[in-house]
Amino acid sequence: MSKIYNPEHIELKWQKNWADAHCFEAKSDKSKPKFFGLIEFPYPSGAGLHVGHPRSNTAMDIIARKRRMEGYNVLYPMGWDAFGLPTENFAIKNHVHPAGVTKKNVDHFRQQLQRIGFSFDWSREVDTTDPNYFKWTQWIFLQLYKHGLAYKSEMPVNWCPSCKCGLANEEVVSGRCERCGAEVIRRVKSQWMLKITKYAQKLLDGLDDVDFIEKVKTQQRNWIGRSEGAEVDFAIADSDMKLRVYTTRADTLFGATYMVVAPEHAAVDAMKDRIENWDDVIAYREAAAKKSDFERTELAKDKTGVELKGIKAINPVNGKLIPIFISDYVLVTYGTGAIMAVPAHDTRDWDFATKFGLPIIEVVAGGEDVQKAAYTDVEEGVLCNSGFLDGLSVAEAKKTIIAWLTEKGLGEKKVNFKLRDWVFSRQRYWGEPIPLVNCEKCGWVPVPVEQLPVLLPDVDNYEPTDSGESPLSKIDSWVNTTCPCCGGAAKRETDTMPQWAGSSWYFLRYADPHCDTDLARWEELSYWLPVDWYNGGMEHTTLHLLYSRFWNLFLYDIGAIPNKEAYLKRTSHGMILGRNPECYESMTTMERFNAAMDGIEAWGAEKILKDGADALPAKDAFMAMKEDEQKAVIEKLLDEKKMNKWCAEKYGDSSKHTAAKMSKSKGNVINPDETIAEIGADAFRLYEMFMGAFDQAIPWSTEGARGCRRFLERVWRLQDMLTDEEDVRKEMEVAVNSMIKKVTDDIERMKFNTAIAAMMSFVNDIYTNGKITRGELKALMLCLNPVAPHITEEMWEACGFGEPIYAQSWPKYDENKLVAAEVEIAVQIKGKVRARIMVPANLTQADGEKLLENETVKALVNGAVVRKLIFVPGRLLNIVC
RNA sequence: GCGGAUAUGGUGGAAUGGCAGACACCGGGGACUUAAAAUCCCUUGCUAACAAGCGUGCGGGUUCGAGUCCCGCUAUCCGCACCA
């Protein structure tokens with residue numbers, strides 16, 4: 001009888017063994033093929049790891065461990081994306097230095113990750129707040145600056161009044177600050193911007209060369225938002241001014257019955273003298289500026305605007321005079337900030353025209369009455385009321401009109417993107433200082449490379465200022481410096497970089513994390529990059545993933561790195577959900593108590609209430625308790641099962657109602673430490689991978705996790721069934737080979753749940769059989785090792801199988817031993833299964849006829865005329881008669 | 001509004017157009033225990049209860065055969081959102 005399975009003991013032992021052996025450190029043996037597996041490095045928050053982190057980490061750990069066994073030189077690194085607001089806010093509140101907070105959090109995270117047994121190469125750990133690291137973040141910024149891709153711009157930015165900080169568009173979620181939830185307002189500030197728009201086309205094109213899951217590509221394409229159209233000039237009547245618009249529907253030009261410009265559009269000011277209702281215009285403009293993005297969105301349906309009285313534009317195709325309006329449904333940031341309005345064929349224009357009583361002229365026939373609704377179909381329609389375009393399809397008309405406009409010098413073909421430039425300034429302390437100084441004589445001057453990094457000074461107070469300046473601006477000794485160019489007095493830039501900066505190139509640093517002459521040495525970059533497989537969350541698709549591709553493309557263009565695209569392959573995991581607290585929160589104390597009473601009756605009171613109340617029947621005792629005592633008792637009694645049952649009754653039986661995204665505020669976060677303490681790291685890893693399809697959101701189930709522990713107990717006890725036989729027994733060949741094949745294939749497809757199911761089936765087979773040979777156990781240990789590395793190493797050692805598994809090769813399967821000699825097939829009559837028969841596995845399609853001789857089949861056919869016979873070898877026989 | 005995804009037992013989920021529900025969780029029963037836990041074995045889609053019938057969100061279609069393919073809906077989730 002083997003010892004009792006004690007995960008904690010085994011896991012700590014092997015974690016130490018691996019560290020001592022340095023077996024997961026990436027070697028610079030460039031003769032071997034390399035594999036660079038990457039997962040997003042975490043932000044080390046004070047709350048510590050949650051169960052979502054290990055889902056991605058475990059998946060890539062499995063792949064990394066398998067690759068090592070397959071003979072690859074594997075780089076699987078970990079680091080910390082450690083700049084960021086929560087740390088800074090914590091530091092402000094508790095009057096401590098953010099660096100100290102960061103260190104403490106990082107140490108906690110590292111310890112938590114190590115307890116799970118990931119095969120990270122800890123010798124390559126990176127930390128974005130380490131000056132040796134952010135020296136190169138600053139260096140990259142200066143390259144962007146030198147190549148004209150960083151510029152300062154007075155522009156309206158999204159301003160979070162609570163964080164007192166400018167936000168990128170990507171950080172604004174339905175009008176609210178992504179971090180704190182406060183309503184975002186618009187505020188004009190001078191900001192550093194990165195010209196990511198210059199790379200819009202390259203970022204789009206690059207997607208064709210990489211293996212990203214389709215929905216990531218689609219989301220990036222939509223975010224970049226390329227559209228093909230034309231710019232057209234509309235002359236202003238009685239002047240030599242022109243108003244240029246962008247349109248994707250140049251074909252509908254004859255239907256343009258008015259124009260709209262954004263309230264902030266410069267042309268409005270240029271025409272000031274001729275506008276008769278200037279006061280109205282100014283009033284509208286101010287009202288629009290005051291609106292938050294949220295209000296703009298809220299009122300999206302309700303069109304407002306003011307006509308510029310006294311001014312008319314001329315439609316270039318028919319010379320008609322048309323009015324001009326300002327309205328905030330036209331955005332100054334897109335296209336030319338002005339549009340031609342074709343109410344008959346654009347829903348927004350139709351809404352506006354209807355409200356303001358403007359003419360609606362049909363120019364594409366084929367739809368319903370355009371007076372009732374806009375007709376926007378571009379596939380079916382045929383042009384009408386459009387002079388020389390009449391009778392053409394929309395596509396033909398577009399070509400024709402653009403050619404005509406180009407020839408006349410009235411317009412031209414134009415491509416536009418939704419992608420905006422990246423607001424790169426933050427008025428915060430805990431970020432990389434932007435390494436520029438402002439000299440009155442020389443303007444903005446980069447800090448020379450040899451003076452990098454520009455370090456953060458020690459500050460007493462990290463509180464942002466109400467003026468919107470960074471706390472750094474208050475440190476005169478730091479701000480005042482000399483100009484590197486002329487040696488005169490100069491001031492440092494006090495804005496810092498956003499959190500995205502450090503994470504936009506960290507994968508490059510992993511190739512050579514201790515290099516102090518470059519961001520990483522060329523030969524290391526050429527060997528390790530690009531990243532072979534990057535797994536991460538969908539929430540980073542349009543932010544981090546796009547930004548880092550942008551930096552990588554840029555660094556490639558300036559010859560700093562050898563690879564164009566950063567990541568060859570991108571996959572994504574689903575979220576892990578917790579219990580929906582609404583269920584629990586909406587219960588009254590009595591309801592909770594009643595639900596809990598079931599538990600009391602079922603299990604006996606004393607046991608459950610051991611350290612709660614003294615006596616039962618509990619109702620009286622319970623009612624006598626203080627409220628928080630009651631709460632504690634209820635928490636103890638209301639296990640997951642009861643909660644689900646209760647929620648199901650209240651909300652219907654779907655678990656979708658009982659599950660919700662985990663968050664601290666909802667109080668439904670599952671703590672991995674507690675789970676690991678209960679079931680061990682191997683069972684935890686196993687459950688994370690087994691719980692469901694890897695790419696889908698899944699509610700956590702404590703019961704399900706315990707089931708995985710149970711499986712490992714079963715595996716552990718296989719030692720008691722072990723025989724002295726070295727080889728795989730004949731009768732187990734199919735089971736062993738098909739398991740190896742299934743596990744091998746499914747790991748590559750990230751179908752971890754079915755890979756694990758295959759191993760469970762195998763173990764079930766062994767239990768039925770009662771015995772296991774050394775060869776059979778070896779195969780199982782090797783397959784299971786990437787998922788549950790500790791228990792498999794321990795058993796491998798205990799059984800005397802030789803060198804540790806981390807030094808073993810991945811098992812191979814024999815194609816010829818995947819199916820038994822005889823297989824069961826279904827016999828169908830007209831598609832209905834009527835019987836199952838055993839037949840030799842090697843029958844081919846041609847043997848189908850012969851099966852009619854089979855007694856069972858004969859009886860089913862019962863002398864009827866067989867009209868058609870379908871035989872699918874190994875699967876079924878279908879007889880139509 | 002646009003884009004993407006999803007829909008299968010009490011639950012999580014399996015299933016290259018070929019035996020729907022693998023593998024688990026929960027539940028039920030049994031064995032072993034003074035007892036409990038643990039473990040092992042059996043059972044577990046629904047209805048009827050004989051060997052039958054019905055079942056993959058809804059309505060059509062293609063096919064010898066559809067959870068899977070096609071057409072038309074519905075519901076839910078996620079992302080974007082006045083992008084001309």
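Numbered from 1 within each chain, the chains take letters A, B, ... in sequence-line order.
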- Message: Side-chain N or O of R749(A) versus OP1/OP2 of A14(B): is the shortest distance under 4.0 Å?
- Response: no
- Message: Distance check needed: A24(B) C1' versus I679(A) CD1, whole Å only.
- Response: 14 Å
- Message: By the 4.0 Å heavy-atom rule, please label N878(A) as base, sugar-phosphate, or nothing.
- Response: base
- Item | Neighbour count above 12 (heavy atom, 6.0 Å) for K355(A) NZ | yes
- How far does the P atom of U44(B) sit from the matching atom of A35(B), given to the nearest Å? 29 Å
- Query: What do you reckon, are the aromatic ring centroids of F356(A) and Y258(A) less than 6.0 Å apart?
  - Reply: no
- Message: Any base atoms under 4.0 Å from N764(A), or only sugar-phosphate, or nothing? Heavy atoms, all strands.
- Response: sugar-phosphate
- Among C80(B), C23(B), U6(B), which nucleotide sits nearest the side chain of A757(A)? C23(B)
- Item | Same-atom distance (P) from G18(B) to U68(B), integer angstrom | 11 Å
- Of A693(A) and G337(A), the one whose closest RNA chain B nucleotide lies more 5': A693(A)
- Does the salt bridge (Lys or Arg N to Asp or Glu O under 4.0 Å) test come out yes or no for R55(A) and E688(A), once each step is laid out? CA-CA 6 Å; R55(A) 199 172 191 200; E688(A) 289 251 349; 5.3 Å; no
- Query: Expressed in angstrom and rounded to an integer, what is the separation of Q219(A) atom CD from G79(B) atom C1'?
  - Reply: 5 Å
- Do any of residues 682-691 of chain A sit with a heavy atom less than 4.0 Å from RNA chain B, and if so which? F690(A), M691(A)
- Task: Tell me whether G10(B) sits syn or anti, counting syn as a glycosidic angle within 90° of 0.
- Result: anti
- Heavy atoms under 4.0 Å, any strand shown: does G707(A) hit a base, just sugar-phosphate, or nothing? sugar-phosphate
- Using atom C1' of each nucleotide, how far apart are G60(B) and G9(B) to the nearest Å? 27 Å
- Message: Check the phosphate of C25(B) against R710(A), side-chain N and O only, distance under 4.0 Å to OP1 or OP2. Yes or no?
- Response: yes
- Message: Does A84(B) have OP1 or OP2 under 4.0 Å away from a side-chain N or O of Y334(A)?
- Response: yes
- Note on the structure: Side-chain atoms of I339(A) come closest, of C64(B), A84(B), C26(B), to A84(B)
- Task: Just call it for Q828(A): base, sugar-phosphate, or nothing, with non-hydrogen atoms closer than 4.0 Å on any strand.
- Result: base
- Writing each nucleotide of RNA chain B 5' to 3' as (, ), [, ], | or . by Watson-Crick or G-U pairing under 3.5 Å yields (((((((..(((.....[....))).(((((.......))))).(((....)))..(((((..]....))))))))))))....
- Message: Could you tell me how far C2(B) sits from C73(B) if I compare only their P atoms? Round to whole Å.
- Response: 12 Å
- Task: Name the closest nucleotide to the V330(A) side chain, picking from C40(B), A84(B), C80(B).
- Result: A84(B)
- Could you tell me the separation between the CG atom of D328(A) and the C1' atom of A81(B), rounded to a whole number of Å? 15 Å
- Query: When rounded to the nearest 0.5 angstrom, what is the spacing between CE in M750(A) and CD1 in I213(A)?
  - Reply: 9.0 Å
- Write down the distance separating the C1' atoms in A20(B) and C32(B), rounded off to the nearest Å. 37 Å
- Query: Tell me: CD1 of I870(A) to P of G18(B), nearest whole Å?
  - Reply: 14 Å
- Which distance, rounded to the nearest 0.5 Å, do you find between the CD1 of I837(A) and the CG of L877(A)? 6.5 Å
- To the nearest Å, give me how far apart CG (L545(A)) and P (G79(B)) are. 17 Å
- May I ask you to say what T347(A) touches in the nucleic acid, namely base, sugar-phosphate or nothing, with a heavy-atom cut-off under 4.0 Å? nothing
- Answer with base, sugar-phosphate or nothing: what part of the nucleic acid does N753(A) contact at a heavy-atom distance below 4.0 Å? sugar-phosphate
- Does the H265(A) side chain pair with the main chain of T336(A), one donor and one acceptor, at a distance under 3.5 Å? yes
- Message: Within the 4.0 Å heavy-atom criterion, would you say E824(A) contacts the bases, only the backbone, or no part of the nucleic acid?
- Response: base
- Considering only heavy atoms and no angle criterion, is a donor-acceptor pair shorter than 3.5 Å present between the side chain of K303(A) and the base of C82(B)? yes
- What pair of heavy atoms forms the shortest contact from G874(A) to I825(A), and how long is it? C-CG2, 3.7 Å
- Sugar-phosphate only, base, or nothing, as touched by R867(A) at under 4.0 Å among non-hydrogen atoms: nothing
- Query: Can you tell me if the side-chain N/O atoms of T542(A) get under 4.0 Å from OP1 or OP2 in G79(B)?
  - Reply: no
- Task: Quote, to the nearest angstrom, the C1' distance that separates G65(B) from U43(B).
- Result: 32 Å
- CE of M538(A) versus P of C80(B): gap in Å, rounded? 11 Å
- Message: With a 4.0 Å limit, can you tell me whether R717(A) has a side-chain N or O closer than that to the phosphate oxygens OP1/OP2 of C40(B)?
- Response: yes
- Task: Output the single nucleotide from C40(B), A24(B), A22(B) whose closest atom is nearest the side chain of T754(A).
- Result: A22(B)
- Task: With C1' as the reference atom in both, quote the distance from G72(B) to U62(B) in angstrom, rounded to an integer.
- Result: 15 Å
- Message: Assess, by modelled atom type and distance only, whether the side chains of N416(A) and R226(A) contain a donor and an acceptor separated by less than 3.5 Å.
- Response: no
- Item | Short N-O contact, D720(A) and R717(A), less than 4.0 angstrom | no
- Message: Given the ring of Y767(A), does R714(A) sit roughly above its face, with NZ or CZ under 6.0 Å from the centre of the six-membered ring and within 45° of the axis?
- Response: yes
- Query: Toward the 5' end of RNA chain B, which comes first, K742(A) or R714(A), by nearest nucleotide?
  - Reply: K742(A)
- Task: Select base, sugar-phosphate, or nothing to describe what I698(A) touches, counting heavy atoms under 4.0 Å on all strands.
- Result: sugar-phosphate
- Item | Separation between CG of D346(A) and OG1 of T252(A), rounded to the nearest 0.5 Å | 8.5 Å
- Taking the P atom of each, how far is A48(B) from G10(B), in whole Å? 15 Å
- Task: Considering just the side-chain nitrogens and oxygens of K215(A), establish if one lies under 4.0 Å of OP1 or OP2 belonging to A5(B).
- Result: no
- Would Y687(A) and T702(A) count as having a side-chain donor-acceptor pair, cut-off 3.5 Å? no
- Item | Within 45° cone of Y329(A) ring axis and under 6.0 Å: K303(A) NZ or CZ | yes
- Message: What is the separation between atom CZ on R221(A) and atom P on G3(B), rounded to the nearest whole Å?
- Response: 15 Å
- Would you kindly give the CD1-to-P distance between I224(A) and G4(B), to the nearest whole Å? 16 Å
- Query: So what does A758(A) hit on the nucleic acid, given a heavy-atom distance under 4.0 Å: a base, only sugar-phosphate, or nothing?
  - Reply: nothing
